[in-house]
Undergrad: 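Sharing a structure with you now.
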Amino acid sequence: QVQVVESGGGLVQAGGSLRLSCTASGLTFDRYAMGWFRQVPGKEREGVSCISWSGGSTYYADSVKGRFTISRDNAKNTLYLQMNSLKPEDTAMYYCAAGWYYNKYECLKTYEYNYWGQGTQVTVSS
C-alpha cells in the first residue's frame, strides 16, 4: 500500500523560512517523479514545483521561482521543499504527490500524479 506523508508545515512570519518534507513508502521512490502542490479553500490546487526521478530536472511555478527549492534524497525516500522569503500569499495547505511520468511542461498539473499525501498547513503572517 502506497503512503505519502508530508511534514514540516507551521506558522512563520513573512520573510521567514520553512522546509517541508515528504516521505513515500510502498513504491519504488526513485522511479517516481515528485511534485509539490498547494491549495487554499475555494481555489483549485496549484502546482508549486516538481522534480524528475533522479533529481536532475526541476521546475517551478513563477510565483515561487527564486524563493523555493525542491530536492530529493532517493536513499531516504524523501522529498523536500525549502521555502525562503515566505509571503502571506504562500499560505496554503501543501501537498506532496508521486507520479509515474516526468514531463517538465506538464509536471505542475495535478493529473500527472498518481499518489497524494494528506497535506501540511503553511501559514505566513504579515
Undergrad: Is a side-chain donor or acceptor of Thr91 paired with a backbone partner of Glu89 at a separation under 3.5 angstrom?
TA: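 Side chain of Thr91 to backbone of Glu89: no pair is present.
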
Undergrad: Do you know the tightest heavy-atom contact between Asn77 and Phe29?
TA: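 Taking Asn77 first and Phe29 second, the nearest heavy atoms are OD1-CB, 3.4 Å.
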
Undergrad: Is any side-chain heavy atom of Ile51 less than 4.5 Å from a side-chain heavy atom of Leu79?
TA: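 When only atoms from C-beta onward are counted, Leu79 and Ile51 do touch, with a gap below 4.5 Å.
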
Undergrad: Just checking Tyr111: does its OH atom have more than 12 heavy atoms from other residues, nucleotides or ligands closer to it than 6.0 angstrom?
TA: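 Counting other residues, nucleotides and ligands, OH of Tyr111 exceeds 12 neighbours.
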
Undergrad: Calculate, to the nearest 0.5 Å, the distance between atoms CG and CG belonging to Asp30 and Asn74 respectively.
TA: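 Those atoms lie 5.0 Å apart.
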
Undergrad: Please name all residues satisfying side chain to side chain donor-acceptor pair (under 3.5 Å) with Tyr59, sequence neighbours left out, ordered by chain then number.
TA: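 With neighbours one apart ignored, the set is empty.
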
Undergrad: Side chains of Met83 and Asp90: does their closest heavy-atom pair fall under 4.5 Å?
TA: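 In short, these two side chains do not touch, never coming nearer than 4.5 Å.
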
Undergrad: Under 3.5 Å, side chain of Thr120 to main-chain N/O of Gly9, donor-acceptor pair present?
TA: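 Side chain of Thr120 to backbone of Gly9, a donor-acceptor pair under 3.5 Å: yes, one is there.
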
Undergrad: Looking only at atom types and distance, does a side-chain atom of Asn114 sit under 3.5 Å from a main-chain N or O of Trp100, one as donor and one as acceptor?
TA: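 Judged by distance alone, yes, a pair lies under 3.5 Å.
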
Undergrad: Any heavy-atom pair between the side chains of Ser21 and Glu6 that's under 4.5 Å?
TA: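 The answer is no, as the side chains (C-beta and beyond) never meet within the 4.5 Å cut-off.
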
Undergrad: What residues, two or more places apart in sequence or in another chain, satisfy side chain to side chain donor-acceptor pair (under 3.5 Å) together with Lys43?
TA: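 By the side chain to side chain donor-acceptor pair (under 3.5 Å) rule, Lys43 matches no residue at all.
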
Undergrad: Answer whether the closest heavy-atom distance between the side chains of Lys104 and Cys50 falls below 4.5 Å.
TA: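 Contact flag for Lys104/Cys50 side chains = no.
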
Undergrad: Compare every heavy atom of Ser125 with every heavy atom of Leu11, then report the nearest pair and how far apart it is.
TA: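 The answer is CD1-CB, 4.4 Å.
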
Undergrad: Shared ILVMFWY cluster between Val5 and Leu27, side chains joined below 4.5 angstrom?
TA: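 Each belongs to a different hydrophobic cluster.
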
Undergrad: Hey, are Asn84 and Ser17 close enough side-chain-wise for a donor-acceptor pair under 3.5 Å?
TA: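 Result is yes, a qualifying pair exists.
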
Undergrad: Taking all atoms of both residues into account, what is the closest heavy-atom pair of Tyr80 and Trp36, and its distance?
TA: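 Smallest heavy-atom distance, with atoms named: O-NE1, 3.2 Å.
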
Undergrad: Please report the shortest heavy-atom distance between Ala33 and Trp53, naming the atom on each side.
TA: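 So the minimum-distance heavy-atom pair works out to N-CD1, 3.4 Å.
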
Undergrad: Pair Cys96, Val4 - check side chain to side chain contact (heavy atoms under 4.5 Å, CB included), show working.
TA: CA-CA 7 Å; Cys96 171; Val4 178; 3.7 Å; yes

Undergrad: At their closest point, which heavy atom of Ala92 faces which heavy atom of Val40, and how far apart are they?
TA: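 Looking at all heavy atoms of both residues, the shortest contact is CB-CG1, 3.7 Å.
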
Undergrad: Which Ile, Leu, Val, Met, Phe, Trp or Tyr residues join Trp116 in one cluster when any pair of side-chain heavy atoms under 4.5 Å counts as a link?
TA: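 Under the 4.5 Å side-chain rule, Trp116 groups with Phe37, Met93, Tyr95, Tyr113.
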
Undergrad: Any link between Tyr102 and Leu108 through a network of hydrophobic side chains (Ile, Leu, Val, Met, Phe, Trp, Tyr) touching at under 4.5 Å?
TA: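 As far as the 4.5 Å side-chain criterion goes, Leu108 and Tyr102 are connected within one cluster.
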
Undergrad: Between Lys65 and Asp62, does the salt bridge (Lys or Arg N to Asp or Glu O under 4.0 Å) criterion hold? Intermediate values first, please.
TA: CA-CA 5 Å; Lys65 205 171 292 183; Asp62 288 342; 3.0 Å; yes

Undergrad: Locate the shortest heavy-atom distance separating Ala14 from Ser126; write the atom from each residue and the value.
TA: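 Ala14 and Ser126 have their closest heavy atoms at CB-CA, 4.3 Å.
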
Undergrad: Assess the residue pair Thr69 and Leu81 against the criterion (side chain to side chain contact (heavy atoms under 4.5 Å, CB included)); give the C-alpha distance rounded to whole Å, side-chain angles, the decisive distance to 0.1 Å, and a yes or no.
TA: CA-CA 6 Å; Thr69 303; Leu81 185 68; over 6 Å; no

Undergrad: Working note: Ser63 + Arg38, criterion side chain to side chain contact (heavy atoms under 4.5 Å, CB included); need CA distance, chi angles, decisive distance, verdict.
TA: CA-CA 12 Å; Ser63 58; Arg38 65 188 183 187; 3.4 Å; yes

Undergrad: Can you find a pair of side-chain heavy atoms, one from Thr123 and one from Val12, that are under 4.5 Å apart?
TA: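 The answer is no, as the side chains (C-beta and beyond) never meet within the 4.5 Å cut-off.
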
Undergrad: Are there over 12 heavy-atom neighbours, none belonging to Gln118, within less than 6.0 Å of that residue's CD?
TA: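 No, CD of Gln118 has 12 or fewer neighbouring heavy atoms, counting only those of other groups under 6.0 Å.
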
Undergrad: Roughly how far, to the nearest 0.5 Å, is the CE atom of Met34 from the OG atom of Ser52?
TA: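 If we round to the nearest 0.5 Å, Ser52:OG and Met34:CE are 12.0 Å apart.
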
Undergrad: What distance separates Ile70 CD1 from Ser49 OG, expressed to the nearest 0.5 Å?
TA: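 Between atom CD1 of Ile70 and atom OG of Ser49 there are 3.5 Å.
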
Undergrad: Quick check: do Arg67 and Ser85 have side-chain heavy atoms less than 4.5 Å from each other?
TA: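 Arg67 reaches Ser85 side chain to side chain.
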
Undergrad: In terms of ring plane angle, is the pair Tyr94 and Phe68 parallel, tilted or perpendicular, where the classes change at 30° and 60°?
TA: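 Tilted: the ring planes of Tyr94 and Phe68 meet at 30° to 60°.
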
